[in-house]
Amino acid sequence: MLTFEESGMKFSFEENRSFYIEKSDLYESLRGKGISVVECLTLKELRRGVYVLFIEAKTSAPNPNSHEGMAFNQFIDEIAKKFLDSLLICSAIHSEVQSVSGSIVLGKELQRHLYSQPKIQFILIIKNHQKEWCNSVQEALQKRLHALLKIWKAEVLVLNEAQARIFHLCQS
């Protein structure tokens, strides 16, 4: 099992179905070059099939309804960049431009789904976020990632910790 804690939440996924991209040697070699990534990728069986989930965890996020719109927009840009950079790294691995080595590897089952007409969900889990604010953050990310979502036929989902536990994405 791939088990880790991030932003005060515990995560546990099957290694064969996951990639702890944030702790991979590949990301370590790219760190400091303006590249940022999500915590991990994992496969999840949902009602509509098997999805590749790009999971980013945060402790908090700016209130989308506050007067500090600049902080909120900066937050959305940061998260959108993590989703995009993570997808680009996976594409570079698939194209053999980059390789994954060391103890953190791309799970074989995840690799098979990721490179064969994947169903992708970009998921942001915000530990201390009001449920009512999740939709505003989700809508802002959808707007910011519009082209990426259309090209990849992907989806964005924003959850707080309680909602993520319901979907078995994190543990208590």
Side-chain angles (χ1 to χ4, degrees), residues 1-7 9-58 61 73-126 137-138 140-159 164 167-171:
M1 291 296 280
L2 166 64
T3 304
F4 61 95
E5 188 170 322
E6 183 66 41
S7 299
M9 296 176 279
K10 294 179 185 173
F11 297 88
S12 185
F13 304 109
E14 292 179 48
E15 283 188 45
N16 188 42
R17 299 170 65 97
S18 303
F19 178 36
Y20 196 9
I21 189 171
E22 186 179 54
K23 298 297 181 188
S24 69
D25 289 346
L26 173 57
Y27 177 60
E28 286 299 320
S29 73
L30 297 171
R31 179 173 262 155
K33 294 178 172 61
I35 297 166
S36 57
V37 296
V38 298
E39 268 62 69
C40 74
L41 284 71
T42 192
L43 289 178
K44 186 80 170 164
E45 292 183 37
L46 304 174
R47 282 176 268 160
R48 300 172 306 199
V50 178
Y51 278 76
V52 177
L53 307 181
F54 286 69
I55 298 176
E56 173 63 13
K58 289 289 189 184
N73 290 336
Q74 195 171 14
F75 175 80
I76 294 299
D77 288 346
E78 173 192 327
I79 301 301
K81 182 172 178 11
K82 286 182 178 225
F83 288 142
L84 176 60
D85 287 358
S86 298
L87 184 60
L88 288 172
I89 286 174
C90 290
S91 293
I93 292 168
H94 178 64
S95 301
E96 298 180 353
V97 172
Q98 297 286 346
S99 62
V100 180
S101 61
S103 60
I104 307 292
V105 296
L106 187 59
K108 293 295 182 198
E109 190 174 349
L110 172 61
Q111 191 171 4
R112 185 171 56 84
H113 280 279
L114 184 60
Y115 302 135
S116 176
Q117 297 180 335
K119 294 180 182 176
I120 294 174
Q121 275 192 341
F122 297 109
I123 299 181
L124 172 61
I125 303 170
I126 309 169
V137 175
Q138 184 170 307
L141 280 170
Q142 287 170 332
K143 185 175 180 181
R144 173 66 174 77
L145 293 168
H146 178 76
L148 180 71
L149 298 178
K150 291 294 180 194
I151 291 167
W152 283 89
K153 299 178 183 176
E155 302 170 356
V156 172
L157 185 60
V158 177
L159 307 168
F167 290 107
H168 306 286
L169 297 174
C170 68
Q171 305 164 344

Please give me the minimum heavy-atom distance between L141 and I76, naming the atom from each residue.
CD2-O, 3.8 Å

Nearest atoms (heavy-atom pairs only) where L169 meets F13
O-CZ, 3.4 Å

Apply salt bridge (charged side-chain N to carboxylate O under 4.0 Å, His left out) to E14 and list each qualifying residue two or more places apart in sequence or on a separate chain.
none

For residues 26-35, tabulate all N or O donor-acceptor pairs below 3.5 Å that involve a side-chain atom, not counting sequence neighbours.
{"from": "Y27", "atom 1": "OH", "to": "I35", "atom 2": "O", "distance (Å)": "3.4"}
{"from": "E28", "atom 1": "OE1", "to": "R31", "atom 2": "NH1", "distance (Å)": "3.4"}
{"from": "E28", "atom 1": "OE2", "to": "R31", "atom 2": "NH1", "distance (Å)": "2.8"}
{"from": "S29", "atom 1": "OG", "to": "L26", "atom 2": "O", "distance (Å)": "2.6"}
{"from": "K33", "atom 1": "NZ", "to": "S29", "atom 2": "O", "distance (Å)": "3.3"}

Exam field: side chain K44 to backbone F167, donor-acceptor pair closer than 3.5 Å:
yes

Would you check if D25 and V100 make a side-chain contact, meaning some heavy-atom pair closer than 4.5 Å?
no

For E45, is there an ion pair with R17 - N to carboxylate O distance below 4.0 angstrom?
yes

side-chain contact (heavy atoms from CB on, under 4.5 Å) between V156 and L145, intermediate numbers included:
CA-CA 9 Å; V156 172; L145 293 168; 4.1 Å; yes

Find the distance between CD1 (I120) and CG (L148) and round it off to the nearest 0.5 Å.
7.5 Å

Taking the side chain as everything from C-beta on, heavy atoms only, tell me whether E155 gets closer than 4.5 Å to Y51.
yes

Verify side-chain contact (heavy atoms from CB on, under 4.5 Å) between R112 and E109, making sure each step is shown before the conclusion.
CA-CA 5 Å; R112 185 171 56 84; E109 190 174 349; 3.8 Å; yes

Measure the shortest side-chain to side-chain distance between F11 and C40 over non-hydrogen atoms and say whether it is less than 4.5 angstrom.
no

Does the S86 side chain pair with the main chain of V38, one donor and one acceptor, at a distance under 3.5 Å?
yes

Roughly how far, to the nearest 0.5 Å, is the CD1 atom of I55 from the CE atom of M9?
10.0 Å

For L110 and S18, work out which heavy atoms get closest and say how close.
CD2-C, 3.5 Å

Here the gap from K108 atom NZ to Q111 atom CD, rounded to the nearest 0.5 Å, amounts to 5.0 Å

Going by heavy atoms in the side chains, are L124 and L159 under 4.5 Å from each other?
no

Distance-only, no hydrogens or angles: does the Q138 side chain make a donor-acceptor pair with backbone N or O of V158 under 3.5 Å?
yes

Identify the heavy atoms of S7 and A57 that sit nearest to each other, and give their distance.
OG-O, 3.2 Å

Is any side-chain heavy atom of K82 less than 4.5 Å from a side-chain heavy atom of S36?
yes

Which atoms form the tightest heavy-atom contact between E22 and V37, and what is the distance?
CA-CG2, 3.8 Å

Here the gap from L88 atom CG to Q98 atom CD, rounded to the nearest 0.5 Å, amounts to 11.0 Å

Can you tell me how far apart OH (Y20) and NZ (K23) are? Round to the nearest 0.5 Å.
5.0 Å

Check the pair K58, E39 against salt bridge (charged side-chain N to carboxylate O under 4.0 Å, His left out), reporting the backbone distance first and the verdict last.
CA-CA 10 Å; K58 289 289 189 184; E39 268 62 69; over 6 Å; no

If we only count heavy atoms from C-beta on, is the L41 to C90 side-chain gap below 4.5 Å?
yes

CZ-CD1 distance between F19 and I93, expressed to the nearest 0.5 angstrom:
4.5 Å

S12 (side chain) donor-acceptor with T3 (main chain) under 3.5 angstrom
no

4.5 Å side-chain heavy-atom contact, T42 and F54
no

Salt-bridge contact K10-E5 (side-chain N to carboxylate O under 4.0 Å)
no

Less than 4.5 Å apart, side chain to side chain, heavy atoms only: is that true for V52 and K119?
no

